Amino acid sequence: MAYRISVLSRTLAAVLGGYVSATLLGIVLSEALPGPRADTVTVAMMSSFAVHAATALWMFSVRTAGRAWICLLITWTLGAALWSALPR
Amino acid sequence: MKSAFRQSMAWLHTWVGLLLGWCLYFMFLTGTLGYFDIEIDRWMRPEQPMVSRVAASQSVQAGLRRLREVAPDARRWFIVPPAGRDTPDLRIAWQGARSADGATAAGNELLDPRTGLPALGRATGGGQLLYRMHYELRYLPATAATWLVGLCTMFLLIAISTGVIVHKKLFKDFFTFRPARGQRSWLDAHNVLGVVCLPFHLMITYSGLLFFAATWMPLIVSASYGMGGANHEAYLEELAGLPAVTLERSGVPAPLFAPASIVAEAERRFGAGQVRFVEISNPGDAQARISVSRLPRGLLPDTERLTFDGVSGALLEARRPGRSATRAAHDALLDLHEGLFAGPMLRWLYFLAGSLGTAMIGTGLVLWTAKRSEHAKPPHWPAGLALVRRLNIGTLVGLPIGILTYFWANRLLPASFDERAEWECHAMFIAWGSMLVHAHLRPPAKAWTEQLAIAAGLSLLLPVVNALTTHRHLGVTIPHGEWMLAGVDLTILALGVLFAAAALKARSASNEAPRTSTRRRSAVPSPSAAQSGST
């Protein structure tokens, strides 16, 4: 039972958490890159899929499901910090 | 530590692959057929003239005549003259017409290029239906289908990445195949199929994600462009770098300049037969524009377009939009996915790579059961294993049977039948559904053999049915050098031979299975075995 909950928790972290990470880092990238906005948004979206896939792998490779969520929270905090630090 | 990482990746590979494997198989198989969508389109419309060699200006004239009849008040008209492989037929389309209920309407029609009248013959979904199914699925609302397809594609990207990580000897395994060794052979086959086309798999999966990127990652667009559909449209238009000719109607009527002479002028600049489509906005208005786009050339085509004043016929703009490196990279990935630039040779390679990808997914699904059924024998199978085995049979063979049924229905449903095109497609899913039921009713070994035999029969007999029901069979198409049509029949025949060989193999395997078990029983003599042997 504990095993199943751990798998479910990691799955949520990978699918939903990974999606949030991908969107967050995508937004940061689209605003940080120089160039016309159509270009930066495109590059950001192209990269976001790699971020999502990599996050999914990450969520299943750390030792416990709890750690997976901690990793996610750290990523999000860093992403949000980067985003707020961007000049606008 | 390192092996723990690899173990967790192996676990992820197994379950990600299993969970959406059948949906991915469906997407890969229908998408692979999509590389021959135009060929299948033509095969499914046997009433169409074999080759349409009509001058572009003449077919534009014919298209215009028809548009004036069906959509006289539309804001935009499109005419696609027959030119080459991708657009072999004359097609017209319109946008912004007033429909009966006051809303604006759009539509399109396939025309006979010689007469300019709607093409006669059977209504069919054609190869386009199969092609569109690989990303629209079927019977699902558009939004649900798009998100499910996105999830499947992301799962495939994860399955491929973990597959590469798990694979310790990427190069050595390339040359490893141990046939007739049960689970080991399935694993080797899965590895070889995965590795041999790894670049293709990565390209097709990653580029597949890009097609709907703005739908799946809307917030990244919104961060720069703002929320809402209109802002997203703005992004897509900026990305295309080729804004549609949007000019408001002046309300002053004016006769349309003869498009035929404009097409002639465009052909003088592009070369004969190089017109991809003609777009006429605000026809009949003083603010009319006629623009002519050129056929794409090679990979990385940049859209060339000439825009003329629709009343005076003066050339207003000759546009060859430059693209940034980003857009070029983005477009190149999409072009690689669609393979429209591919000539016959490369198109076959695409088909082959797609087939190998389909087989990679199929062998992966079979491997899942092969691994687990070594430990458990039939009556004691866990429910999950039995279910996966049955879903495997009913989909891996059942889906091809469904698609073959779609082709059969195309030849057998009467042309006068009202909902013909819909029922062709229903027939495909009814056949697939019956195969899923069949796989649940029969013992697995028998179910494999029987379904493979059905698939073999359906494909080997299809050219025969074609010969009996149409005038576009091998006896006609080969002498006429119509390889586009003959290729469909011949490919189906070749697939039939493969299915037949697989059916024979499955039969001998299922005959062997009981023999080994009796051997094992006789090796350990027991009174009950002797008794059952004597009776």
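Throughout, protein chains are lettered first and strands after them, A, B, ... in sequence-line order, and every chain is numbered starting at 1. Remember, predicted model here, so these are calculated numbers, not experimental data.
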query = Mind checking which of residues 3-13 of chain A sit less than 4.5 Å from chain B, heavy atom to heavy atom?
reply =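 If one takes a 4.5 Å heavy-atom cut-off, the residues of residues 3-13 of chain A near chain B are A/Y3, A/V7.
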key: chain B contact residues among residues 37-46 of chain A, heavy-atom distance under 4.5 Å   = A/R37, A/A38, A/D39, A/V41, A/T42, A/V43, A/A44, A/M45, A/M46
request  = Could you look at B/I165 and say if it's the side chain, the backbone, both or neither that has a heavy atom under 4.5 Å from chain A?
outcome  = side chain
ask   = Is it the side chain or the backbone of A/A22 that comes within 4.5 Å of chain B heavy atoms, both, or neither?
value = both
inquiry  = Please classify the contact of A/A50 with chain B as side chain, backbone, both or neither, using a heavy-atom distance under 4.5 Å.
reply    =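 For A/A50, heavy atoms of backbone and side chain both lie under 4.5 Å from chain B.
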I need the minimum non-hydrogen distance between [X] and [Y], along with the two atoms involved.
{"X": "B/S161", "Y": "A/L57", "result": "CB-CD2, 4.1 Å"}
{"X": "A/S61", "Y": "B/S8", "result": "CA-OG, 3.7 Å"}
{"X": "B/A223", "Y": "A/E31", "result": "O-OE2, 3.7 Å"}
{"X": "A/A56", "Y": "B/L12", "result": "O-CD2, 4.2 Å"}

message = Could you check whether atom CH2 of A/W76 has more than 12 heavy atoms from other residues, nucleotides or ligands sitting under 6.0 Å from it?
response = yes
inquiry  = Looking only at heavy atoms and a cut-off of under 4.5 Å, which of B/L157, B/L209, B/I158 has the most pairs with chain A?
reply    =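 Result: the option with the highest number of such pairs is B/L209.
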note = If you tally heavy-atom pairs under 4.5 Å between each of B/W15, B/Y225, B/W11 and chain A, the highest tally belongs to B/Y225
ask   = Is any residue of residues 145-155 of chain B within less than 4.5 Å of chain A by heavy atoms, and which ones?
value =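 B/W147, B/L151, B/M154 fall under the 4.5 Å cut-off.
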Summary of side chain to side chain donor-acceptor pair (under 3.5 Å) pairs that have at least one residue in residues 196-220 of chain B, sequence neighbours excluded =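 Residue pairs passing side chain to side chain donor-acceptor pair (under 3.5 Å), neighbours aside: B/S207-B/H337.
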